[in-house]
Amino acid sequence: MRASLYLISTLKETPSDAEVISHQLMLRAGLIRKLAAGLYSWMPLGLRVLRKVETIVREEMNRSGAQEVLMPAVQPAELWQESGRWEKYGAELLRVKDRHEREFCIGPTHEEVITDLMRNELRSYKSLPANFYQIQTKFRDERRPRFGVMRAREFIMKDAYSFHIDTASLDETYQVMHDTYHRIFTRIGLDFRAVQADSGSIGGSSSHEFHVLADSGEDLIAFSTSSAYAANIEMAEALPPVADTLPAVELSKVATPNQTSIDEVCAFLGIEANRTVKTLIVKAGKESPSPLIALVVRGDHTLNEIKAEKCLHVTSPLAMATDAEIHQHIGALPGSLGPVGLQIPVYVDRSAAALNQFTCGANENGFHLSGVNWARDCPRQVAVVDIRNVVEGDPSPDGQGQIQIKRGIEAGHIFKLGNKYSTAMNARVLDAQGKSVIMEMGCYGIGVSRVVAAAIEQNYDDKGIIWPTAIAPFTVAIATLNAHKSDAVREAAEHLYQQLLAKGVDVLLDDRNERPGVKFADLELMGIPHRLVVSERGLTEGTLEYKGRRDTDNQNIPAAQGLAFLLDKL
RNA sequence: CGGGGUAUAGCGCAGUCUGGUAGCGCGUCUGCUUUGGGAGCAGAAUGUCGGAGGUUCGAAUCCUUCUACCCCGACCA
């Protein structure tokens, strides 16, 4: 491609509404432009990257034995009513009516459509297992789209759905997809980890997320320092702690005027947060005999909402009680709450429960209790559960090493769906005995457009993007200097350009009549991995100049060896 | 959905408090010079000051209302 014929729309200034680096650089390098909140156009340069990611995904999915299909983005309400998700999915599902007032949605995912399609096509166990995928635009009406294409409303996703006669077959394909994802992210050139994950609203039994590691990631991942254990922090188990080394002491009530946060109370009383507990009051579900439920974690820990939602009668999603509700049932306000004497169900985190003496709110505004002992002071039955987030230094749940925590961007997610959708939608085949059985299903997603942003989050410097070669919009850029007044420069650059094209290299010939600084700045901002400079000065000495995007210095190479040198680099 | 903020040229912003001819930088266009790190000089174009209503002799500026967008939280593959 010749830059003089190509839309290179770089910006010197950073658009003010771009928060994260990938969003800023995608705008500045001219990859995308915003149309509305969470809706982006892909410009030529950006689309080249997107297509390269798609190509790798497609090649590896095909290699795994999956078959590509393409399903409609618009889906009839009836299918979603059949699976029960028309009601459950909530406002994130964009619902529309056609001219006949029939209800549809813009697909945020395609379990219903594929299950409907395949319950009609798959009749026999002999057709199984089968895995179908598509690369398609999805729409989720995110409450708060942000970070550019990282969390857009409309985005491109590769989604795959597998069908099986039994769970053993599902397990096999699940492992194949696990391996395939590993190949895909490795080929793209990202630093990533597969981690155990919560299966969330899609449902199902087992699930792994593939995270691109980056400081700007929205998810926290817990790793073991000495084993392969890795899990989303939502899932990572906090093991029961070792027994408290301090003995029980006498209970006392202390005045703590206007000290409501753990930090304030600790500073006021001169104690450590790990000798306090905090009591969170949440709303209970309709079936619950008590309208409120207390959740207790140690003062230096934070509540894990995913874990808490699994406690009996706690609502999902978790809903904190209002101050008015708390005052009505307990007689004190948040900041002075504690488990002693509570008349509502109490769930206590393992670490909090292990304390022999601790400080907590007295359920009387402006007072705390010190020296509290569970057995002596909270004789009512309390349930000891795991409801906190793990922290760095906790023992790894697999018993090997300690936990360390990093941030990740969720780029892929694989689920064992089991028979959730096939049961709801009656997707059956005949087995070897001629008996009709419900199929087992798996589903496997990759956020293709998100991968583009994630790659930038992981690969940039103060000059701009640094693409992994496999997904760079162009692999090589040839920049001519002063070409307008040098036939030799034009000819040498053109010759090299043609040779690289003939070798199938994605090469950008920067033949624009721009000053050198402009070309260098643009090529660096756009993140092209390899740059060759053809100049009159160099040609006089018989050299070209090469610089890799991550290199700090240029190197001169003999002009005659330019092609071979470059091919060796690729 | 709760809280906060913003809306003025393609982009980044000033002007709004205290009403009186709409500005700056970058970018864009033309010409000349220039060409190894985002050039210089000269000239030029570009705005329903987010929309609608109101107050006023006069509104970017004050009032009412609507919309869009952004941030924090909640929520979420």
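Order of the sequence lines fixes the chain letters, A, B, ..., with proteins taken first and strands second; residue numbering starts at 1 for each chain.
- When the nucleotides B/A39, B/G27, B/G73 are ranked by their closest atom to the side chain of A/K12, B/G27 comes out on top.
- Using a 4.0 Å heavy-atom distance criterion, A/Y444 is classed as making no nucleic acid contact.
- Considering only side-chain N and O atoms, A/K519 lies nowhere under 4.0 angstrom from the phosphate OP1 or OP2 of B/G38.
- A/N554 comes within 4.0 angstrom of a base, heavy atoms only.
- Among the protein residues, A/K34 comes within range of the sugar-phosphate backbone only, with heavy atoms under 4.0 Å from sugar or phosphate atoms but none that close to a base.
- Between A/Y174 and A/H208, the two ring planes are tilted [angle within 30° to 60°].
- On the C1' atoms, B/C66 is 34 Å away from B/U28, given to the nearest whole Å.
- Salt-bridge annotation for A/R146 and A/E19: absent, with no side-chain N of the basic residue lying under 4.0 Å from a carboxylate O of the acidic one.
- Within the 4.0 angstrom heavy-atom criterion, base atoms lie near A/E545.
- The listed nucleotides are B/A39, B/G37, B/G73; the one nearest the side chain of A/F520 is B/G37.
- With 3.5 Å as the limit, one finds no donor-acceptor pair spanning the side chains of A/R95 and A/Y89.
- When the nearest nucleotides of RNA chain B are assigned to A/R153 and A/V534 by heavy-atom distance, the more 5′-ward of the two goes with A/V534.
- Pairing for B/A14 is absent, judged as Watson-Crick or G-U wobble with the two contacts each under 3.5 Å.
- Straight-line distance from the CD atom of A/E142 to the C1' atom of B/C75: 9 Å, rounded to whole Å.
- In terms of modelled atom types and a separation under 3.5 Å, the side chain of A/R490 and the main chain of A/A483 share a donor-acceptor contact.
- As the counterpart of B/G38, no nucleotide is assigned, since no Watson-Crick or G-U wobble pattern has both distances under 3.5 Å.
- Between A/Q134 atom CD and B/A77 atom P the separation is 19 Å, expressed in whole Å.
- Between B/U33 and B/U48, the two C1' atoms lie 41 Å apart (nearest whole Å).
- Contacts of A/G445 with the nucleic acid, taken as non-hydrogen atoms under 4.0 Å apart, are absent.
- Side-chain proximity of A/R140 to the nucleotides B/G36, B/A77, B/C69 is greatest for B/A77.
- In this structure, A/Y40 atom OH and B/C69 atom P are separated by 10 Å, rounded to whole Å.
- Rounded to an integer number of Å, the gap from NE2 of A/H110 to C1' of B/A77 is 14 Å.
- Applying the Watson-Crick and G-U wobble criteria (two distances, each under 3.5 Å), B/G19 pairs with nothing in any strand.
- Checking B/G36, B/A77, B/G12 against the side-chain heavy atoms of A/F155 singles out B/A77 as nearest.
- The gap from the P atom of B/G23 to that of B/A45 amounts to 12 Å, rounded to the nearest Å.
- Using N1 to N3 plus N6-O4 or O6-N4 for Watson-Crick, or N1-O2 and O6-N3 for G-U wobble, each under 3.5 Å, B/C49 pairs with nothing.
- Following rounding to the nearest Å, A/Q555 (CD) and B/G36 (P) show an atom-to-atom distance of 22 Å.
- In this model, the phosphate group of B/G12 is approached by a side-chain N or O of A/S16 to a distance below 4.0 Å at OP1 or OP2.
- A salt bridge between A/D191 and A/R193 is present, with a side-chain N of the basic residue lying under 4.0 Å from a carboxylate O of the acidic one.
- Across all strands, A/N482 comes closer than 4.0 Å to base atoms (heavy-atom distances).
- Figure legend. B/C75 is base-paired to no nucleotide; pairs are counted as Watson-Crick or G-U wobble with both atom distances under 3.5 Å.
- In summary, A/E524 and A/R531 engage in a salt bridge, as defined by a charged side-chain N under 4.0 Å from a carboxylate O.
- Of all nucleotides present, none satisfies the Watson-Crick or G-U wobble test against B/G58 with each distance under 3.5 Å.
- You'll find that the side chain of A/P15 is closest to B/C11, out of B/G36, B/C69, B/C11.
- Look at A/K485 and you'll find a side-chain N or O under 4.0 angstrom from OP1 or OP2 of B/U35.
- Between A/Y347 and A/H313, the ring center distance fails the sub-6.0 Å criterion.
- Side-chain atoms of A/R146 lie closest to B/C71 of the nucleotides B/C76, B/C71, B/A77.
- Protein atom CG of A/D510 is 14 Å distant from nucleotide atom C1' of B/U35, rounded to whole Å.
- Within a 6.0 Å sphere centred on NZ of A/K310, other residues, nucleotides and ligands contribute more than 12 heavy atoms.
- Residue order along RNA chain B, read from the 5' end via each residue's closest nucleotide, puts A/T10 first among A/T10 and A/I306.
- As judged by a 4.0 angstrom heavy-atom cut-off over every strand, A/E13 is placed among the base-contacting residues.
- As judged by a 4.0 angstrom heavy-atom cut-off over every strand, A/R151 is placed among the base-contacting residues.
- Remark: aromatic rings of A/H530 and A/F474 are distant, center separation not under 6.0 Å.
- Pairing for B/C69 is with B/G5, a Watson-Crick or G-U wobble pair whose two hydrogen-bonding atom distances lie under 3.5 Å.
- Distances shorter than 4.0 Å separate some side-chain N or O of A/R515 from OP1 or OP2 on B/A39.
- When heavy atoms are screened at a 4.0 angstrom cut-off, A/R512 is found touching no nucleic acid atom at all.
- At a threshold of 4.0 angstrom between heavy atoms, the contacts of A/R28 include nucleobase atoms, whether or not backbone atoms are also involved.
- Among the atoms of the strands shown, none is found under 4.0 Å from any heavy atom of A/D159.
- Between A/F147 atom CZ and B/A77 atom C1' there is a gap of 16 Å when expressed in whole angstrom units.
- Comparing the P positions of B/U30 and B/U64 gives an interatomic distance of 48 Å, to the nearest angstrom.
- The same atom, C1', is picked in B/G51 and in B/A68; the two are 10 Å apart, to the nearest Å.
- The residue A/E218 sits apart from the nucleic acid: no heavy atom pair falls under 4.0 Å.
- Checking B/A77, B/C75, B/A39 against every side-chain atom of A/H413, the shortest atom distance belongs to B/A77.
- Nucleic acid contact class of A/E305 (heavy atoms, under 4.0 Å, all strands): sugar-phosphate only.
- Atom CG in A/N513 sits roughly 13 Å away from atom P in B/U34 (whole-Å rounding).
- Spacing between B/A77 and B/G38 at atom C1', rounded to whole Å, works out to 40 Å.
- Across the strands present, B/C29 finds its partner in B/G43; the criterion is a Watson-Crick or G-U wobble pair with both atom distances under 3.5 angstrom.
- Ring geometry for A/F192 against A/F185 counts as tilted: the plane angle lies between 30° and 60°, on a 0 to 90° scale.
- Going from the P atom of B/U35 to that of B/A22 covers 43 Å, rounded to whole Å.
- For B/A14 and B/G53, the C1' atoms lie 28 Å apart once the distance is rounded to whole Å.
- No hydrogens or angles were tested; on distance alone, nothing pairs the side chain of A/R450 with the base of B/A77 as donor and acceptor under 3.5 Å.
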